[in-house]
Amino acid sequence: MNDNYHIFSDGRVERHNDTVRLVTDDDEKKYLPIENAEALFLHGQIDFNTRVISFLDDHGVAMHVFGWNDYYSGSIMPERGQTSGQTVVEQVRAYDDEAHRGKIAREIVDGSIHNMRANVTYYDNRDYDLDSTLDALDRRREEIQSAESVEEAMGVEASARRAYYGIFDQILPEGFVFGGRKYNPPNNKVNSLISFGNSLVYANIVSAIRATALDPTISYLHEPGERRYSLALDLADLFKPVLTDRVVFRLVNRGQLSDDDFDSEMNACLLTETGRETFSKEFEQTLDRTIEHPRLNRKVSYQYLLRVEAYKLKKHLLTGEPYESFERWW
């Protein structure tokens, strides 16, 4: 059960007999094979009622809602199948232990920088001269080992990401100018793609965490806050280079997106419905890709790697087994 379904049309999602049906504003009816679904992603203006929510809950299917400007708005999650008071207690203990929390935070930043560096290395081997960025990322990896606080770890991660984003304008083709990360709202085509992709990574991580007994609001790198799943922010940092950024590079370098896929108004640049469909299709194909896992000794999908990461953290908290964050190995 690992299929995601993205709904871009406006209309209504409802239960129809033993399946879920989308009725668009044009009265077109589409049926979703819910038995294989992991989650529904609602991008359009969608109505739904408690009957369909109960049905999705019975089948363990999450529903992630995206609002204006492509931002993740929230999730309606199925009733927890995995609950463990012991896990939550150990999560809180690790958060309250400054040394323990700092160790997990440093490990997350270290893995995040490794995965950024893997993308830089890929293009450095393809006639781009990116040695200075590789050196900068190597220095950040050295710095993170001696970070004495979570705030310092966040600063190292931010410095690494600025250096990493510095290569985007060298890699991206003419017509796609980045100029640095801007969001809320994104100010150009590249930033709109990154914002949308990162929202998809975040929502998928929320689903992955939900499959464990971890509490998504108790985190280590990002501060827990109101109305957000901060543990999803922690783990999403590891996968943004592998998922969001690689999809952005592929789509624009292959010419699969044009000016018609973006709307620019009121100092914001957002993907159109067609643009979101193109991005989501490539994103889902990436999640479905498989790779031989060196520890599991079998092929796993990229999407399953998200769940593996949540389970690794849970195991660390419960057993003390060292937590080694996800680092791309292929």
(request) Would you verify whether the NZ or CZ of R307 falls within 45 degrees of the ring axis of Y311 while also being under 6.0 Å from that six-membered ring's centre? (result) no

(request) Determine whether V61 and E38 make a side-chain contact, defined as any pair of heavy atoms from C-beta on separated by less than 4.5 Å. (result) no

(message) Suppose we screen for side-chain hydrogen bond (donor to acceptor under 3.5 Å, both in side chains). Which residues come up paired with D131, at least two apart in sequence or across chains?
(response) none

(request) Tell me, please, which residues at least two apart from E327 pass salt bridge (charged side-chain N to carboxylate O under 4.0 Å, His left out). (result) R141

(request) Say whether, by atom type as modelled, one donor and one acceptor occur between the side chain of K315 and the main chain of Y323 under 3.5 angstrom. (result) no

(message) Centroid separation under 6.0 Å, is that true for the rings of F168 and F249?
(response) yes

(message) I'd like to know if the side chain of R210 reaches the main chain of P78, judged simply by a donor and an acceptor atom lying under 3.5 Å from each other, with no hydrogens or angles considered.
(response) yes

(request) Go through the side-chain N and O atoms of D261 and Q256 and say whether any donor and acceptor fall under 3.5 Å apart. (result) no

(request) Run the numbers on V300 and V308 for side-chain contact (heavy atoms from CB on, under 4.5 Å), then give the verdict. (result) CA-CA 10 Å; V300 300; V308 169; 5.7 Å; no

(message) Can a donor-acceptor pair be found, under 3.5 Å and without considering hydrogens, that links the side chain of N49 to the backbone of R51?
(response) yes

(request) Tell me whether the centres of the aromatic rings in W330 and H293 are closer together than 6.0 Å. (result) no

(message) Taking L221's backbone N and O only, do any of them form a donor-acceptor pair with D234's side chain (distance below 3.5 Å, no angle check)?
(response) yes

(message) Taking the ring centre of each residue, are F178 and Y165 less than 6.0 Å apart?
(response) yes

(message) We want to know whether T244 and N198 form a side-chain donor-acceptor pair, criterion being a heavy-atom distance below 3.5 angstrom.
(response) yes

(request) Answer yes if the side chains of H43 and E277 hold a donor-acceptor pair under 3.5 Å, and no otherwise. (result) no

(request) Could you point out which residue of H114, E309, E107 forms a side chain to side chain donor-acceptor pair (under 3.5 Å) with S325? (result) E107

(request) For the residue pair N119 and Y164, confirm or rule out a side-chain donor-acceptor distance under 3.5 Å. (result) yes

(message) Can you see whether Q91 engages D215 through a side-chain donor-acceptor pair at a distance of less than 3.5 angstrom?
(response) no

(request) Evaluate side-chain contact (heavy atoms from CB on, under 4.5 Å) for F176 paired with V248, printing each intermediate quantity in order. (result) CA-CA 11 Å; F176 285 88; V248 171; over 6 Å; no

(request) Test Y202 against Y229 for side-chain contact (heavy atoms from CB on, under 4.5 Å), laying out the working first. (result) CA-CA 9 Å; Y202 178 84; Y229 295 138; 3.3 Å; yes

(message) Taking the six-membered ring of F48 as reference, does the cationic atom of R15 (NZ for Lys, CZ for Arg) lie under 6.0 Å from its centre and within 45° of its axis?
(response) no

(message) Does either side chain, that of Q303 or that of D288, offer a donor lying less than 3.5 Å from an acceptor on the other one?
(response) no

(message) Testing the 3.5 Å rule here: is there a donor-acceptor pair between the side chains of D237 and N115?
(response) no

(request) Treat each ILVMFWY residue as a node, draw an edge where side-chain heavy atoms are under 4.5 Å apart, and state whether Y31 and V13 are in one component. (result) no

(request) Give a yes or no on whether the backbone of L32 and the side-chain of T19 come within a donor-acceptor separation of less than 3.5 Å. (result) yes

(request) Just jot down the side-chain hydrogen bond (donor to acceptor under 3.5 Å, both in side chains) partners of H100, sequence neighbours excluded, or say none. (result) H316

(request) Indicate if V23 and L40 have the same hydrophobic cluster label, given that clusters are the connected sets of ILVMFWY residues with side-chain heavy-atom separations under 4.5 angstrom. (result) no

(request) Indicate whether the side chain of S230 and that of H222 have a donor and an acceptor atom separated by less than 3.5 Å. (result) no

(message) Let's go through F262 and L271 carefully: what are the C-alpha distance in whole Å and the side-chain angles of both, what is the deciding distance for side-chain contact (heavy atoms from CB on, under 4.5 Å) to 0.1 Å, and is it a yes or a no?
(response) CA-CA 4 Å; F262 300 88; L271 281 161; 3.6 Å; yes

(request) Would you please indicate yes or no on a ring centroid separation below 6.0 angstrom for F196 and F283? (result) no

(message) Once rounded to the nearest 0.5 Å, what's the spacing between atom CG of N297 and atom CZ of R295?
(response) 11.0 Å

